[in-house]
Amino acid sequence: MLRPPPLLLLLSRCSAAARRFLSASRQGQGQGRAVGSVLKTPKGTRDHPPAQAALRERLLGTVVACFKRHGAAAIDTPVLELRETLMGKYGDNAKLIYELQDQGGELLALRYDLTVPFARYLAMNKITNIKRYHIAKVYRRDNPATTRGRYREFYQCDFDIAGQFDPMLPDAECLRIVYEILSDLQLGDFLIKVNDRRILNGVLAVCGIPESKFITTCSTIDKLDKVPWEDVKNEMVGEKGLSPEAADRIGEYVQLHGGLDLIEQLLQDPKLSQNKLAKEGLGDMKLLFEYLTLFGITGKISFDLSLARGLDYYTGVIFEAVLLQQENDHVEDLVGIGSVAGGGRYDGLVGMFDPKGRKVPCVGVSIGIERIFSILEQRVKVGAAGSVSHGGGL
């Protein structure tokens, strides 16, 4: 008989303890409040009783152990950043930044992620070579969906490599870290999608899209994992102003996915092979897959031309990990969780903060610990419901 993963067993026990804790807490509520008021946490946030906090600590421990195995040192940065530090780095997502009122002459904002503060930290301290990890809370004025692990306040677990190294070796190491963590957590089957911003920009160029529309078009392409191609095409034409013919040409490329064979095919493509950016990106992608083959993890990697990731600062390889639906999973409970890790290369971000524009090559990955936590919670609920319906118990 297969035994559940240790973390799942822990969460199952924790859930019962959490229910007892919340029941005891409610007995003391109701005093000192105005009649009719509701005592609650702000939208998109949550409390974590001791049992849930213990599970979170176990999850984070697994992640940190992997980061340390790969030689990273921990840093920390303020939760507040100057507003000008964050603006112009996140594309359409800039509207999700929490901006604060004037604080004694400084316009501040809550950090949106850990990558931009890291780049600011490197430029400010003139650091050109470091492997670091950072685990801390970030804030997004998003429309929360707590059952799918989307909050306004949540933890990010980041690993980044800054500095000059052999081409694509740091990128391959980041993908290996994602593979190791998702394997260690025993969440089930997963797939890591990989693309390159240069390849995507090359595709847009050969399809006749003006450079001024690259970023907004990429944001639309990035929705292909959630909605059908026809919906993506309609947005390109109706909202982004592309011609139907140009959108169809894009569709011929961005619906492709595969491995080394697809890379070789695109290197022979009459149009892409003539585009300098695309050719560079495909050459690096081939080298990346050669490293991943040596690591023995290509079975979990897919070169996916629809992957765009909507952040402005990516310049090269981008990647995203998703859990694959199991046949015996309860789709209604687990579908829609989204990616559980993502990242990419951002060689120009540090230079945006350096007075002389000096660039520091960087690549990194972020593990979606909140979404992983939500997946485990949903699985425990599904398991508990199944036990009750069959007359069983813990």
Side-chain angles (χ1 to χ4, degrees), residues 60 63-64 66-67 69-72 74-75 77 89-91 93 111-119 121-122 130-136 138 140 149 154-163 165 167-185 190-200 218-219 222 225 281 284-285 288-289 291-292 295 297 300-304 306-323 338-350 360-372:
L60 293 175
V63 173
V64 169
C66 182
F67 290 167
R69 279 201 308 270
H70 285 264
I75 71 162
T77 62
K89 316 298 190 305
Y90 301 109
N93 292 328
R111 61 186 172 206
Y112 176 91
D113 68 3
L114 301 178
T115 305
V116 170
F118 176 55
Y121 168 83
L122 293 178
I130 188 175
K131 259 189 191 182
R132 83 87 167 87
Y133 74 89
H134 189 185
I135 296 176
V138 299
R140 297 183 184 179
F154 58 95
Y155 275 100
Q156 278 196 336
C157 307
D158 283 20
F159 172 98
D160 292 78
I161 301 173
F165 297 92
M168 305 313 295
L169 192 55
D171 311 67
E173 183 172 5
C174 285
L175 290 168
R176 185 173 181 173
I177 283 170
V178 176
Y179 175 88
E180 289 178 4
I181 288 174
L182 294 182
S183 298
D184 289 346
L185 292 176
F190 60 88
L191 183 69
I192 306 172
K193 302 176 184 180
V194 183
N195 199 4
D196 193 298
R197 268 293 176 83
R198 292 167 297 175
I199 299 173
L200 202 52
C218 282
S219 297
D222 207 33
D225 64 333
D284 281 348
M285 187 64 67
L288 175 65
F289 265 78
Y291 279 126
L292 299 177
F295 292 160
I297 63 173
K300 297 290 187 183
I301 311 288
S302 172
F303 173 37
D304 189 329
S306 72
L307 181 65
R309 295 192 63 80
L311 302 179
D312 282 6
Y313 51 66
Y314 288 126
T315 57
V317 166
I318 49 178
F319 43 86
E320 192 167 277
V322 295
L323 296 186
S339 65
V340 292
R345 177 161 286 280
Y346 51 100
D347 288 347
L349 189 55
V350 176
V360 177
C362 296
V363 63
V365 61
S366 183
I367 306 298
I369 206 72
E370 301 288 358
R371 288 184 171 177
I372 292 171

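Annotation: side-chain hydrogen bond (donor to acceptor under 3.5 Å, both in side chains) contacts of Ser306 (sequence neighbours excluded): Asp304. With sequence neighbours left out, Asp284 forms a side-chain hydrogen bond (donor to acceptor under 3.5 Å, both in side chains) with Arg198. Partners of Phe159 under the ring pair (Phe, Tyr, Trp, His ring centres under 6.0 Å) rule, at least two apart in sequence or in another chain, are Phe67. Listed by chain and residue number, Glu180 satisfy the side-chain hydrogen bond (donor to acceptor under 3.5 Å, both in side chains) test with Arg176 (two or more places apart in sequence, or in another chain). When the side chain to side chain contact (heavy atoms under 4.5 Å, CB included) test is applied to Pro361, the partners found at least two apart in sequence or on another chain are Gln164, Arg345, Asp347. Every residue was checked against the ring pair (Phe, Tyr, Trp, His ring centres under 6.0 Å) condition with Phe118, not counting sequence neighbours, and none meets it.
Leu175 has its side chain within reach of Leu288: a pair of non-hydrogen atoms, C-beta onward, lies under 4.5 Å apart. Side-chain contact between Phe303 and Ile199 is present, with heavy atoms from C-beta onward closer than 4.5 Å. Inter-residue side-chain proximity for Val194 and Leu307 is flagged as unmet; no heavy-atom pair is nearer than 4.5 Å. Looking at heavy atoms from C-beta onward, Asp113 lies out of side-chain contact with Lys89 at the 4.5 angstrom threshold. Arg371 has its side chain out of reach of Leu323: every pair of non-hydrogen atoms, C-beta onward, lies at least 4.5 Å apart. For the pair Cys362 and Leu122, the minimum side-chain heavy-atom distance is below 4.5 Å. Side chains of Arg197 and Thr315 form no contact here, defined as non-hydrogen atoms less than 4.5 Å apart. Considering only heavy atoms from C-beta on, Arg140 comes within 4.5 Å of Phe154 through its side chain.
Looking at every heavy atom in both residues, Ala136 comes nearest to Arg111 through CB-NH2, 3.1 Å. The two residues Leu349 and Ala119 have their closest heavy-atom pair at CG-CB, 3.6 Å. Nearest heavy-atom pair across Ser339 and Val322 is CA-CG1, 4.0 Å. Ala308 approaches Leu200 most closely through the heavy-atom pair CB-CD2, 3.6 Å. What you find for Cys174 and Phe319 is that their closest heavy atoms are CB-CZ, 3.9 Å. Between Cys157 and Leu60 the shortest heavy-atom distance is SG-CD2, 3.5 Å.
In this structure, Ile367 CD1 and Gln156 CD are separated by 10.5 Å, a value rounded to the nearest 0.5 Å. The line from CD1 of Ile372 to CD1 of Ile181 is 8.0 Å long, rounded to the nearest 0.5 Å. The CD1 atom of Ile192 sits 11.0 Å away from atom CD of Glu320, with the distance rounded to the nearest 0.5 Å. Put simply, OG on Ser183 and CD1 on Ile297 are 9.0 Å apart, with the number rounded to the nearest 0.5 Å. Taking CG of Asp158 as the start and CD1 of Ile135 as the end, the distance is 9.0 Å to the nearest 0.5 Å. Of the inter-residue distances, the one linking Leu114 atom CG with His134 atom NE2 reads 5.0 Å to the nearest 0.5 angstrom.
Between Tyr90 and Tyr112, the ring-plane angle classifies as tilted under the 30° and 60° cut-offs.
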Item to check | Check against side-chain contact (heavy atoms from CB on, under 4.5 Å), Leu182 and Lys300 | outcome: CA-CA 11 Å; Leu182 294 182; Lys300 297 290 187 183; over 6 Å; no
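A donor and an acceptor atom, one from each side chain of Tyr346 and Asp160, are located under 3.5 Å apart.
Counted within 6.0 Å of OH on Tyr291, heavy atoms from surrounding residues, nucleotides or ligands total more than 12; the atom is thus considered enclosed.
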